[in-house]
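Below is one structure, written out as structure tokens, with a few remarks after it.
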Amino acid sequence: MTRRVAVVGGGSSGLACIKCCLDEGLEPVCFESSDDIGGLWRFKENPEPDRASIYHSVIINTSKEMMCFSDFPIPAHFPNFMHNTLIMDYFRMYADHFQLTKHIRFNTKVLLVKQRSDFSHSGQWDVEIEKDGKKEKHIFDAVMICIGHHCHPNLPLHDFPGIETFTGKYFHSRDYKTPEEWRDKKAVVIGIGNSGGDIAVELSRVTKQLYLSTRRGAWILNRVGDNGVPLDLLFNRVVNCMETVLPFSVFCGLGESRLNQRFDHGLYNLKPKHRLFSQHPTVNDELPNRILSGTVQVKPNIRRFQGSSVEFDDGSVVEDVDLVVFATGYRFSFPFLASHVVSVSENKASLYKYVFPPELDRPTLAIIGLVQPLGAIMPISEMQARWATRVFKGCVKLPSVAAMQKDIQCKNETMAKRYVTSQRHTIQVDYISYMDEIAKLVGVQPNIPRMLLTDPRLGLNVVFGPCTPYQYRLRGPGKVGWGPSGHPHSVGESGSAHADQAL
Ligand SMILES: Cc1cc2nc3c(=O)[nH]c(=O)nc-3n(C[C@H](O)[C@H](O)[C@H](O)COP(=O)(O)OP(=O)(O)OC[C@H]3O[C@@H](n4cnc5c(N)ncnc54)[C@H](O)[C@@H]3O)c2cc1C
Ligand SMILES: NC(=O)c1ccc[n+]([C@@H]2O[C@H](COP(=O)([O-])OP(=O)(O)OC[C@H]3O[C@@H](n4cnc5c(N)ncnc54)[C@H](OP(=O)(O)O)[C@@H]3O)[C@@H](O)[C@H]2O)c1
């Protein structure tokens with residue numbers, strides 16, 4: 001009998017899950033609480049509760065060859081770094097091509113995902129949903145949770161004494177849409193993650209003055225790398241290997257000196273105490289320009305608010321502030337799951353390779369997309385989905401509970417050692433290392449020594465070229481052949497529903 005899989009969420013992770021279920025001969029039913037696909041990438045004028053919300057100008061900071069699904073390249077005429085509208089176009093093409101939308105039940109919210117009483121031998125789940133105010137219960141053999149982790153704002157008002165006296169307007173970055181309203185006003189942006197950087201740059205084009213407040217500074221990377229090539233294309237297997245071989249401080253030092261050649265982070269008030277790879281990267285090509293032109297002034301942390309004035313840790317005070325944007329990140333949770341299944345505390349969840357709760361009797365629940373990669377999330381979600389669906393089918397086994405817990409602990413320790421302690425550094429992964437780790441479990445990691453012998457040109461490209469998601473379609477289940485037009489067609493070992501279907 002075909003096993004039914006509930007996919008919760010129809011964003012990019014949910015779409016990849018539906019596709020992988022179909023490839024493995026499973027029957028997906030996706031529940032999406034909104035009326036469309038795309039999740040975070042679908043811009044809405046008004047933020048909606050419990051759903052991600054982006055500003056109008058968001059351009060992705062991962063390049064198209066590095067962010068696409070592994071068997072569906074982004075059209076050649078799309079730019080390297082796409083505006084959110086083009087990303088939506090791509091997701092629609094993916095959904096149309098693989099006929100994914102017919103498996104989605106829109107305007108349907110998942111309220112509860114609960115183990116059935118016979119779970120220890122059936123592995124089944126009761127899924128309670130709500131549509132048009134009516135509740136229904138369904139039984140599923142497995143569940144994939146793809147609800148994203150940029151929905152619930154982290155608004156740490158308690159860290160900002162006097163905020164209750166502030167006479168201007170303040171809101172979280174998820175509520176920021178466009179800069180127009182703030183023309184000729186004074187604004188402060190708190191936080192130097194990618195939201196803080198983007199919003200500070202955009203606001204500074206219209207404001208009288210923009211202050212960017214950061215409690216520890218940041219190393220600023222660019223989208224545009226050497227010779228005008230997208231920077232993420234340069235992080236190949238050789239660089240990844242250097243990272244594992246060289247001492248951490250040497251590897252960081254090499255990167256930092258390159259970044260300082262572009263602009264000295266000390267001179268720009270941005271130099272952090274921590275090392276380059278100890279913080280989630282902030283990518284911003286324009287920030288140094290804005291700082292150099294004085295439209296953005298970098299400030300330390302805020303000491304206190306008083307009326308319309310803001311005092312910073314260095315004692316400087318800015319009067320008549322009209323707007324404060326808290327670009328202070330996000331919190332995630334799984335409100336429809338019992339805490340004994342997955343518990344989250346301060347953005348920490350105990351999951352085997354960030355996917356499987358280790359202590360379930362049966363491995364029939366997977367969390368997909370709960371990672372913050374140095375790289376793009378989409379191919380990672382896809383790889384996780386390929387793994388999870390193989391596990392659901394019984395083709396791939398999970399190790400013992402003790403082994404999974406040891407792996408979780410080891411990952412936590414490595415992360416704590418490398419990263420600055422912060423709520424934003426709890427699910428960090430390096431793109432190549434993590435992709436390889438999961439690919440090995442699925443049986444799709446490129447066999448480089450063999451490739452160098454049988455097809456040296458391809459082998460050299462895999463080693464020295466960009467580590468694109470296509471590298472994980474060269475062998476094993478879900479292998480695709482590349483047609484004369486450069487388009488993939490499936491020749492995989494699994495029961496692909498799309499076998500031999502040329503694009
Ligand atoms: C401003 C911004 C820029 C970003 N830029 C990049 C980038 O450059 N590169 C990158 O890789 N990542 C980026 N990200 C990360 C981003 O989260 C991922 O790119 C991606 O959107 C994650 O997709 P997802 O499907 O996992 O989650 P989402 O896109 O958040 O989709 C989750 C879906 O689940 C649905 N849902 C939630 N709860 C329920 C429920 N109970 N029942 C039914 N449906 C539910 C929601 O309606 C939504 O459609 C960015 C994040 C932000 C905030
Ligand atoms: N263009 C793009 O592609 C784009 C744009 C926006 C976001 N994104 C992605 O979206 C995700 C979320 O990014 P984000 O920038 O919204 O959040 P984030 O990466 O979590 O950054 C939050 C920032 O707020 C600071 N902060 C948090 N709490 C604070 C406090 N109490 N006091 C002072 N500062 C505080 C953090 O400082 P500490 O480091 O000190 O904790 C950090 O600088 C990331 O994966 C990011 O890459 C991508």
Side-chain angles (χ1 to χ4, degrees), residues 7-17 30-42 48 50-55 57-63 66-67 81-82 84 87 91 105-113 127 129-130 145-151 153-160 172-174 176 189-199 213-218 223 232 272 274 279-284 301-302 326-331 334-336 347 367-381 419-425 427-428 431:
V7 176
V8 187
S12 53
S13 301
L15 293 177
C17 286
C30 174
F31 300 110
E32 166 53 52
S33 58
S34 74
D35 59 2
D36 202 352
I37 61 166
L40 174 137
W41 292 101
R42 192 157 45 92
E48 299 163 331
D50 299 331
R51 206 167 287 137
S53 159
I54 53 172
Y55 35 99
S57 60
V58 171
I59 288 177
I60 199 159
N61 60 23
T62 42
S63 71
M66 299 303 297
M67 65 142 282
F81 292 104
M82 300 185 287
N84 53 80
I87 291 171
F91 291 153
R105 294 181 59 178
F106 291 108
N107 299 309
T108 308
K109 183 172 182 177
V110 169
L111 301 177
L112 192 66
V113 174
V127 175
I129 55 165
E130 184 173 38
I145 294 173
C146 318
I147 60 169
H149 54 93
H150 295 123
C151 308
N154 173 43
L155 196 59
L157 298 183
H158 52 273
D159 287 346
F160 296 89
H172 187 265
S173 56
R174 80 186 293 278
Y176 171 81
V189 173
I190 304 173
I192 195 167
N194 285 301
S195 298
D198 276 0
I199 294 172
S213 163
T214 162
R215 61 182 171 183
R216 62 176 112 240
R223 284 187 175 85
D232 58 355
H274 58 262
Q279 185 185 42
H280 184 65
T282 298
V283 182
N284 202 306
N301 206 20
I302 290 174
F326 284 84
T328 41
Y330 293 86
R331 294 171 187 275
F334 302 99
F336 45 76
N347 280 2
I367 313 282
I368 304 296
L370 189 65
V371 285
Q372 181 151 269
L374 270 66
I377 287 190
M378 299 79 184
I380 291 185
S381 290
Y419 282 95
V420 166
T421 307
S422 168
Q423 202 173 269
R424 66 195 287 236
H425 293 144
I427 49 173
Q428 294 296 124
Y431 172 81

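The figures that follow rest on heavy atoms only: side chains count, while hydrogens, waters and symmetry mates do not. Please read these numbers as outputs of a predicted model, since none were measured by experiment. Numbering of ligands and ligand atoms starts at 1, following listing order.
- Taking CD1 of Ile190 as the reference point, atom OG of Ser195 lies at 13.5 Å (rounded to 0.5 Å).
- Ser422 and Arg216 share no donor-acceptor pair across their side chains, judged by distance under 3.5 Å alone.
- Applying the 4.0 Å criterion to heavy atoms of Asn301 picks out, from ligand 2, the atoms 33 (C).
- The closest heavy-atom contact to atom 39 (O) of ligand 2, among the options Arg424, Arg174, Arg215, comes from Arg424.
- Listed by atom number, the atoms of ligand 2 under 4.0 Å from Ile59 heavy atoms are 1 (N), 2 (C), 3 (O).
- Residue-ligand proximity, Gly191 to ligand 2, at heavy-atom distances under 4.0 Å covers atoms 23 (C), 24 (O), 25 (C), 43 (O).
- Considering backbone and side-chain atoms alike, Val58 places every N or O at 3.5 Å or more from each N or O of ligand 2.
- Heavy-atom distances between Tyr55 and ligand 2 reach below 4.0 Å in at least one pair.
- Contact annotation: for Ser422 versus ligand 2, heavy atoms closer than 4.0 Å belong to the side chain alone.
- For the atom pair CD1 (Ile145) and CZ (Phe336), the distance works out to 4.5 Å, reported to the nearest 0.5 Å.
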Could you walk me through whether Asn347 and Gln372 pass the side chain to side chain contact (heavy atoms under 4.5 Å, CB included) check?
-> CA-CA 12 Å; Asn347 280 2; Gln372 181 151 269; over 6 Å; no

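- Residue nearest to atom 48 (C) of ligand 2, selected from Thr328, Asn194, Thr421: Asn194 (by heavy-atom distance).
- In this structure, OG1 on Thr282 lies 9.5 Å from CG on Asp198, to the nearest 0.5 angstrom.
- By the criterion of a heavy-atom distance under 4.0 Å, neither the backbone nor the side chain of Val420 is placed next to ligand 2.
- Neither the backbone nor the side chain of Ala218 comes within contact range of ligand 2; no heavy atom lies under 4.0 Å.
- Of the N and O atoms on the side chains of Ser33 and Arg51, at least one donor lies less than 3.5 Å from an acceptor on the other residue.
- When the heavy atoms of Leu374, Leu155, Asn61, Asp159 are ranked by distance to atom 2 (C) of ligand 2, first place goes to Asn61.
- Considering only non-hydrogen protein atoms, atom 11 (C) of ligand 2 sits nearest to His150 NE2, 3.2 Å.
- Within ligand 2, the atoms closer than 4.0 Å to a non-hydrogen atom of Asp198 are 1 (N), 5 (C), numbered from 1 in the order shown.
- The only member of His149, His280, His172 that meets ring-ring contact (aromatic ring centres under 6.0 Å, His included) when paired with Tyr330 is His172.
- Note that CD1 of Ile368 is 12.5 Å distant from CD1 of Ile147, once rounded to the nearest 0.5 Å.
- At a 4.0 Å heavy-atom cut-off, ligand 2 does not touch Phe81 at all.
- The protein residues lying under 4.0 angstrom from ligand 1, judged by non-hydrogen atoms, are Val8, Gly9, Gly11, Ser12, Ser13, Phe31, Glu32, Ser33, Gly39, Leu40, Trp41, Arg51, Ile54, Ile60, Asn61, Thr62, Thr108, Lys109, Val110, Cys146, Ile147, Gly148, His150, Phe336, Ala376, Ile377, Met378.
- Note on ligand 2: Ile192 sits in its first shell, one or more heavy atoms being nearer than 4.0 Å.
- Rounding to the nearest 0.5 angstrom, the gap separating the CD1 atom in Ile54 from the CD1 atom in Ile60 is 9.5 Å.
- Counting protein heavy atoms only, atom 16 (O) of ligand 2 is closest to Ser195 OG, 2.6 Å.
- Inclusion of Ser173 in the set of residues having an N or O under 3.5 Å from an N or O of ligand 2 is not warranted.
- Residue Phe326 places every heavy atom at 4.0 Å or more from ligand 2.
- Ring geometry, His425 versus Tyr419: the interplanar angle falls from 30° to 60°, so the pair is classed tilted.
- Scanning the protein heavy atoms around atom 17 (O) of ligand 2, the nearest turns out to be Gly329 CA, 3.3 Å.
- Contact detail for Glu32 and Gly11: the closest heavy-atom pair is OE1-N, 4.2 Å.
- Counting heavy atoms closer than 4.0 Å to ligand 2, residue Gln372 contributes side-chain atoms (C-beta onward) but none from N, CA, C or O.
- Near Ala327, the atoms of ligand 2 lying under 4.0 angstrom from a non-hydrogen atom of the residue are 22 (C), 23 (C), 24 (O).
- When each atom of ligand 2 is checked for a heavy atom of Arg216 under 4.0 Å away, the hits are 38 (P), 39 (O), 40 (O), 41 (O).
- A donor-acceptor contact under 3.5 angstrom links the side chains of Ser63 and Asp232, judged on distance only.
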Steps toward side chain to side chain contact (heavy atoms under 4.5 Å, CB included) verdict (Arg174, His150) | CA-CA 9 Å; Arg174 80 186 293 278; His150 295 123; over 6 Å; no

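- Interface of Arg223 with ligand 2, defined as ligand atoms under 4.0 Å from a residue heavy atom, comprises 1 (N).
- Summarising the geometry of Gly9 relative to Cys30, their closest heavy-atom pair is O-SG, 3.4 Å, with the distance given to 0.1 Å.
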